[in-house]
K.L.:
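The structure's right below; bear with me while I get my questions together.
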Amino acid sequence: MSRLSFKEIRGTEDILPEKIGVWRRMENAAREVFDLYCYEELRTPILEETGLFISGVGETSDIVTKQMFSLADRKGRSLTLRPEGTAPIIRAYLKHRIYKNPIAKIFYMGPFFRSERPQAGRERQFHQIGAEAIGCDNPSMDAEVISLLIHLLNKFGITGGRLELNSVGCSLCQGPYKEKLREYFAGEETPLCPDCQRRLNKNPLRVLDCKRPECQSLIVDAPPLPDYLCNSCSEHFQKVQAILKSLSISYHLHPYLVRGLDYYTRTAFEITHPALGSQNAVAAGGRFDNLVEKMGGELTPAVGFALGMERIILIQEKEKVTAPLETRLSVYLAPQGKEAFQEMVNLLKELRQNGIKSELDYEGKRLKNQLRLANKLNAQYVAILGEEELRRKTITLKNMDTGKQEELPIDLSDCLNFISKVLHLIPPHI
RNA sequence: GUGAGCGUAGCUCAGCUCGGUUAGAGCACCAGGUUGUGGUCCUGGUGGCCGCGGGUUCGAAUCCCGUCGCUCACCCCA
């Protein structure tokens, strides 16, 4: 096995036929839910100019400083495999003047790339489903986005998540608060971890996110961010909470929750799930009121989220969420002999053209082995055509669930009618 | 980028501590038992450069070094 020349590169994986149904069901379910909330899909390229992410995500962010898959094109320009979805969506929003609509509600799904060391729930190529509502600063929209996210998770069969909520304020309130944080941490006796000492200068908010015990013990008594919000941010935050309550969405205030991407303002949230490992966030998002302007547009508020599809699947597997049934093979054709085989090639074509999922033995197996294979393929019926049937001008149809079988006239259209009838012609779907 | 654990059949693993015939099991796969009847059962079979390279040794899956890969954790995030 190790002699194979090529394998998937680290942190990427093949999604095999036996698992693809899980993905397709998730994608289809997501599209249904988004439609209910009047979100429309936008697909952006996987490859973008590197500068888009530097200015969008922030040049001090970890994503930009050490996690991007970048490459040079033939003219030496730097391109990057998208590490996140929001910056490209905003780029497309501005380029195509989607802002002509008062509010743009957009969703996306697909692969993203970050060059981190893989571990449970984290791969280098991963898949996200995300949504952005651009052009609305009403706290109701924050609540709608959260409510939409929860609707999606439920549709995927996921319950038991925990919604953490915070407000990180705007540029007005963040300045004084950062100073306050610096004062607080500088005044403490036990030192922060080396990483955090650097963070304290660059972006003190990040210190709040540190999980090291020595920092945690200081963080628990740090001045909580929500206490330092400006009036307008504070009011916004209160309203978001009031609306969530009226929608019966339970949440946990987390005054030290900050997001790792630089563009977030005001509302920040995260949904964690106990079935996940140490990467326990299944979805996260928040408001980004300055990003559109930063990327060259008018000042335009926006709010959105992204969820990790691999993490959804991890939870589903751990919690044994039962997936809807796969499409079942309706008829397996079992001919005995060359003449019978020729007949069945024709029947196979007719069956498939009439929407009946069917399969034929091309190997000339013995009947016993044909039935064995049909059983493994979970076929509903096996159509048997052998010497006896040919002589009597019939075909034998065996119900694999009940074991009962009956002989039908060999005429193709009669056959089709009967099979269609017994199958009730349920259209195949996943 | 840092740390720890693990690499033996398609899959899950035993064997390694204490080196010693042809390296095992279960599942899966193929075939036979039934020359035209599946699932269960019985019997047989295919399938291994024991991750790779080097070292120690009369002898290495087993001990040592290196290397690559995987996994989990740190970091960070979906």
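Order of the sequence lines sets the chain letters (A, B, ...), proteins ahead of strands, with each chain counted from 1.
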K.L.:
If you look at every strand shown and take non-hydrogen atoms under 4.0 Å, does A/Ala120 touch a base, only sugar-phosphate, or nothing?
P.N.:
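Sugar-phosphate contact only - A/Ala120 comes under 4.0 Å of backbone atoms but never of a base.
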K.L.:
Scan A/Gln67 against the nucleic acid and name what it touches under 4.0 Å (heavy atoms): base, sugar-phosphate only, or nothing.
P.N.:
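Sugar-phosphate only.
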K.L.:
Quick one: is A/Gln119 getting a side-chain N or O under 4.0 Å of the B/A73 phosphate, OP1 or OP2?
P.N.:
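It does, given that an N or O in the side chain of A/Gln119 lies less than 4.0 Å from OP1 or OP2 of B/A73.
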K.L.:
Using atom P of each nucleotide, how far apart are B/G7 and B/U12 to the nearest Å?
P.N.:
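Per the computed distance, 12 Å lies between those P atoms.
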K.L.:
Just to be sure I understand the rule, does A/Glu388 reach a base, reach only the sugar-phosphate, or reach nothing, if contact means heavy atoms closer than 4.0 Å?
P.N.:
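Base contact.
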K.L.:
Planes under 30° and centres closer than 5.5 Å, is that true for A/Phe112 with the base of B/A78?
P.N.:
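No, aromatic ring not over the base.
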K.L.:
Please report the C-alpha distance between A/Met141 and A/Arg287 in whole Å, then the side-chain angles of each, then the deciding distance to 0.1 Å, and finally whether the side-chain contact (heavy atoms from CB on, under 4.5 Å) criterion is met.
P.N.:
CA-CA 10 Å; A/Met141 191 56 86; A/Arg287 194 160 261 293; 4.3 Å; yes
K.L.:
Hey, does A/Lys398 reach any base, or is it just sugar-phosphate, or nothing, if we go heavy atoms under 4.0 Å?
P.N.:
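Base contact.
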K.L.:
Roughly how far apart, to the nearest Å, are B/U62 and B/C50 at atom C1'?
P.N.:
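To the nearest whole Å, 10 Å.
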K.L.:
Looking only at side-chain N and O atoms, does A/Arg122 come under 4.0 Å of OP1 or OP2 in B/C72?
P.N.:
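No, because none of the side-chain N or O atoms of A/Arg122 sits under 4.0 Å from OP1 or OP2 of B/C72.
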K.L.:
Taking 4.0 Å as the cut-off, does a side-chain nitrogen or oxygen of A/Arg366 come that near to OP1 or OP2 on B/U37?
P.N.:
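Negative; the distance criterion is not met.
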K.L.:
Counting any heavy atom closer than 4.0 Å, what does A/Gly121 reach on the DNA or RNA strands: base, sugar-phosphate only, or nothing?
P.N.:
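The answer is base, as A/Gly121 lies within the cut-off (heavy atoms under 4.0 Å) of a base atom.
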K.L.:
OP1 or OP2 of B/G38 sitting under 4.0 Å from any side-chain N/O of A/Lys404?
P.N.:
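No, no such contact exists.
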